[in-house]
Number of protein chains: 2
Amino acid sequence: MKILVIEDEKELRKSVITYLSAEGYLCESAGSTKEAIEKIGVYDYDCFIVDIMLPDGNGLDIIKEIKAKGIEGGVIIVSAKNSLEDRIVGLEIGSDDYLVKPFHLSELNARVKSIVRRRNFAGSNQVVFNEITLNLDSREVLVNGKPINLTGKEYDILVYFISNKGRVIPKDSLAEHVWGDYMDNADSLDFIYTHIKNTRKKLIDAGAHDYIKTVYGIGYKFTA
Amino acid sequence: MKILVIEDEKELRKSVITYLSAEGYLCESAGSTKEAIEKIGVYDYDCFIVDIMLPDGNGLDIIKEIKAKGIEGGVIIVSAKNSLEDRIVGLEIGSDDYLVKPFHLSELNARVKSIVRRRNFAGSNQVVFNEITLNLDSREVLVNGKPINLTGKEYDILVYFISNKGRVIPKDSLAEHVWGDYMDNADSLDFIYTHIKNTRKKLIDAGAHDYIKTVYGIGYKFTA
DNA sequence: CTTCGATAACGAGTATTTTCATAGGTGATA
DNA sequence: TATCACCTATGAAAATACTCGTTATCGAAG
C-alpha cells in the first residue's frame, strides 16, 4: 500500500510518515504542489493525504489533477481550518475524507485504512480466499483458521496478490507496489524470488494450496 | 501488440518501454520526428505514443503522417503542457487520447490497453472465438472452458491470429508483431514453422478445430 | 550481543525458443 | 502427369532465458 503525503510542515510530515510506516504502509512525501504533481505523474499510489494550504498553491488543485488523470487512489484532505466551503469543494471534486488539524495520528490512520480497504476489498476488513483469511486490521493471516507468521514484505505480497487475484501480475508491478521506487535503480529484481519462495513455503506449510502460479517470463498469478 | 514510443527524453522513454514491455507489449522507440516517420513507413504498429515536443519538429505532424498513410493503430498524445489547443488539434486529426506530463506509467498502460482492446476486440477483455476463449487480463486461454498452457510466444501468436481472424497474415507481419525488429538481421524465418506447429498441436489436443490455415507462399489465415 | 528480516550471489533445475536435418506438400510448367 | 523448385511440417537436440532454492551478508531492532 503506497501513500503520498503532501504536506509542507516538516515536523508534521515526519510524524505522519513515521506513524503510517510503522503501520506497514509505504510512504512517500511531497512538500509542495509542484513536487506532488511530479510524483503523481510518475508513481502509482493507493492513497493521497493532501494538505490544502501549501506554499505554492492550493491542495485542491492537486486533487483535481489526481482525478483528471483518472487515478483511482483515495484522497484525504487535511486542513488547518474547518472551512465548510473547502470541505464541500473537496468532496465535490472527489476526495474521500476530510480531517481538521490538529488531528490524532490514530484518527488519520483509521481513515487511511478505511480508504485503502474500500479501494481494494470493497470496504471489508476481512478478506477470505478459500482457506486463507486476511485480517487487514491486525495484519494477521489465518490458514484454515490458524494464524501464521508472515514478515512485513510477505504480508504485503500476499495482500497485493489477493487484491489482484486471477490476474497476471508482472514482477515490476509487484515490485512497485511492495517496494516502491524500484525503477530508479532496478538492475535485478531477483530478490523477489526469495520472497515469493518464503511466502509460498509458509502458506503451504500451513496447509494451504499453492495458489501462486508462476507465469514464465512475466511474473505471477494468484488463482484458485 | 506492437507499440512505437516516440519520445526524445531518454529516461522517460526507457521507463515507458520497460513498463510496457513488462505488461507484455512489444515496444520500439523513436527519438525524433525523422526516426519516427522512417519507422512508421517500414513497420506496422498497433499503437503510437507520441510526444508533441520533439527536437526536430512537432509530434502532431507525425500523427498527420500516420493518418495520411491510413494506418489503423491508435494514437496517444503525450505533452508537457496541458494545452487545450494541442489537445483539440490532436483529437481533430484523429488521435485517441491525450496525456499530460508528468504522467503515471500505470495510467499510460491503462490507456494503451483500452486502445488496443477497442481496436482489436471492441472493448472486452475477454475474446471468444468459437470454442476458444482468450482472457487478456490473465493471459489465459480456454478451449471448451478448460485452460490450456501456451508459452509466451504461442500466446502472442494466437492473439495476433484472433485479432486478425479471417485475414491472410503474411509470415513477415506475424514475425514483426510477435518478435519485433528481429527481422532486421534474420536470415531465416523458419523457426515460425515450429511455433505454428506447437500452437496448432496444443489447440487441437485440447479439442479445438484447426483454425490455422496455411496460405502457401504467404503465411497463414485464422478462420472458422 | 543476538536475532530476525531483507537483499545479494550463484549454481542447479526448468521452461522456452531456436536450430537443424529431414520428410512431405504445392503449384507452375512442359 | 511428371518434374522441378520452392515452401511447409515435424521431431529432436542445442542454445538460451528464466526461476528456484541455498547460502551468505548486512543492517536494524530488541
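Order of the sequence lines sets the chain letters (A, B, ...), proteins ahead of strands, with each chain counted from 1.
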Exercise. Rounded to the nearest Å, what distance is computed from the CG atom of residue A:Leu189 to the C1' atom of nucleotide D:dC18?
Worked result: 13 Å
Exercise. Within this structure, what is the CD1-to-P distance between B:Ile196 and C:dT19, rounded to whole angstrom?
Worked result: 16 Å
Problem set entry | Length of the CG-P vector between B:Asn149 and C:dA15, whole Å | 10 Å
Exercise. Is B:Val178 touching bases, backbone alone, or none of the nucleic acid, heavy atoms closer than 4.0 Å?
Worked result: nothing
Exercise. Is the backbone N or O of B:Ile132 less than 3.5 Å from a side-chain atom of B:Asn130, with the two atoms forming a donor-acceptor pair by type?
Worked result: no
At a cut-off of 3.5 Å, list every protein nitrogen or oxygen paired with a nitrogen or oxygen from nucleotides 4-6 of chain D, distance to 0.1 Å.
{"from": "D:dC6", "atom 1": "O2", "to": "B:Tyr216", "atom 2": "OH", "distance (Å)": "3.2"}

Exercise. For B:Glu9, what residues pass the salt bridge (Lys or Arg N to Asp or Glu O under 4.0 Å) criterion, not counting sequence neighbours?
Worked result: B:Lys101
Exercise. In B/S/- notation, 5' to 3', how is nucleotides 4-10 of chain C contacted by protein heavy atoms closer than 4.0 Å?
Worked result: -SSBB--
For this session: Take the protein atom NZ of B:Lys171 and the nucleotide atom P of D:dC7, then report the distance between them rounded to whole Å.
Result: 8 Å
Exercise. Looking only at side-chain N and O atoms, does A:Lys201 come under 4.0 Å of OP1 or OP2 in D:dG21?
Worked result: no
Exercise. Taking only residues two or more places apart in sequence or in another chain, which ones pass side-chain hydrogen bond (donor to acceptor under 3.5 Å, both in side chains) with A:Asp96?
Worked result: A:Arg118
Problem set entry | Set of residues satisfying salt bridge (Lys or Arg N to Asp or Glu O under 4.0 Å) with respect to A:Arg167, sequence neighbours excluded | none
Problem set entry | Non-neighbouring partners of A:Arg111 that pass side chain to side chain contact (heavy atoms under 4.5 Å, CB included), sequence neighbours left out | A:Ile76, A:Asp97, A:Leu99, A:Glu107
For this session: Round to a whole Å and report the spacing from CG of A:Leu174 to P of D:dT19.
Result: 12 Å
Exercise. Looking for any heavy atom pair under 4.0 Å, which part of the strands does B:Ile192 touch: base, sugar-phosphate only, or nothing?
Worked result: nothing
Exercise. Without hydrogens or angle criteria, can the side chains of B:Arg200 and B:Thr214 be said to hold a donor-acceptor pair below 3.5 Å?
Worked result: yes
For this session: Would you check if there is a donor-acceptor pair between the side chains of A:Tyr25 and A:Asp46 at a distance under 3.5 Å?
Result: no
Problem set entry | d(CD1, B:Ile212; P, D:dT8) in whole Å | 14 Å
Exercise. Reading nucleotides 25-30 of chain D from the 5' end, what letters show protein touch, with B for base, S for backbone sugar-phosphate only, - for no heavy atom under 4.0 Å?
Worked result: ------
Problem set entry | Set of side chain to side chain contact (heavy atoms under 4.5 Å, CB included) partners for A:Lys201, sequence neighbours left out | A:Asp205
For this session: Check side chain to side chain contact (heavy atoms under 4.5 Å, CB included) between B:Asp190 and all other residues, then give those that pass, not counting sequence neighbours.
Result: B:Ser188, B:Tyr193
Exercise. Roughly how many Å is it from CD1 in A:Ile218 to C1' in C:dA15, rounded to a whole number?
Worked result: 13 Å
Exercise. Between A:Lys197 (NZ) and D:dT19 (C1'), how many Å, whole number?
Worked result: 13 Å
Sequence neighbours left out, cut at 3.5 Å: what donor-acceptor pairs do the side chains of residues 216-224 of chain B make with other protein atoms?
none

For this session: Mind checking B:Tyr220 for me? I need base, sugar-phosphate or nothing, with any heavy atom below 4.0 Å counting as a touch.
Result: sugar-phosphate
Problem set entry | Contacts of A:Lys213 that satisfy salt bridge (Lys or Arg N to Asp or Glu O under 4.0 Å) - sequence neighbours left out | none
Exercise. A:Glu11: what forms a side chain to side chain contact (heavy atoms under 4.5 Å, CB included) with it, not counting sequence neighbours?
Worked result: none
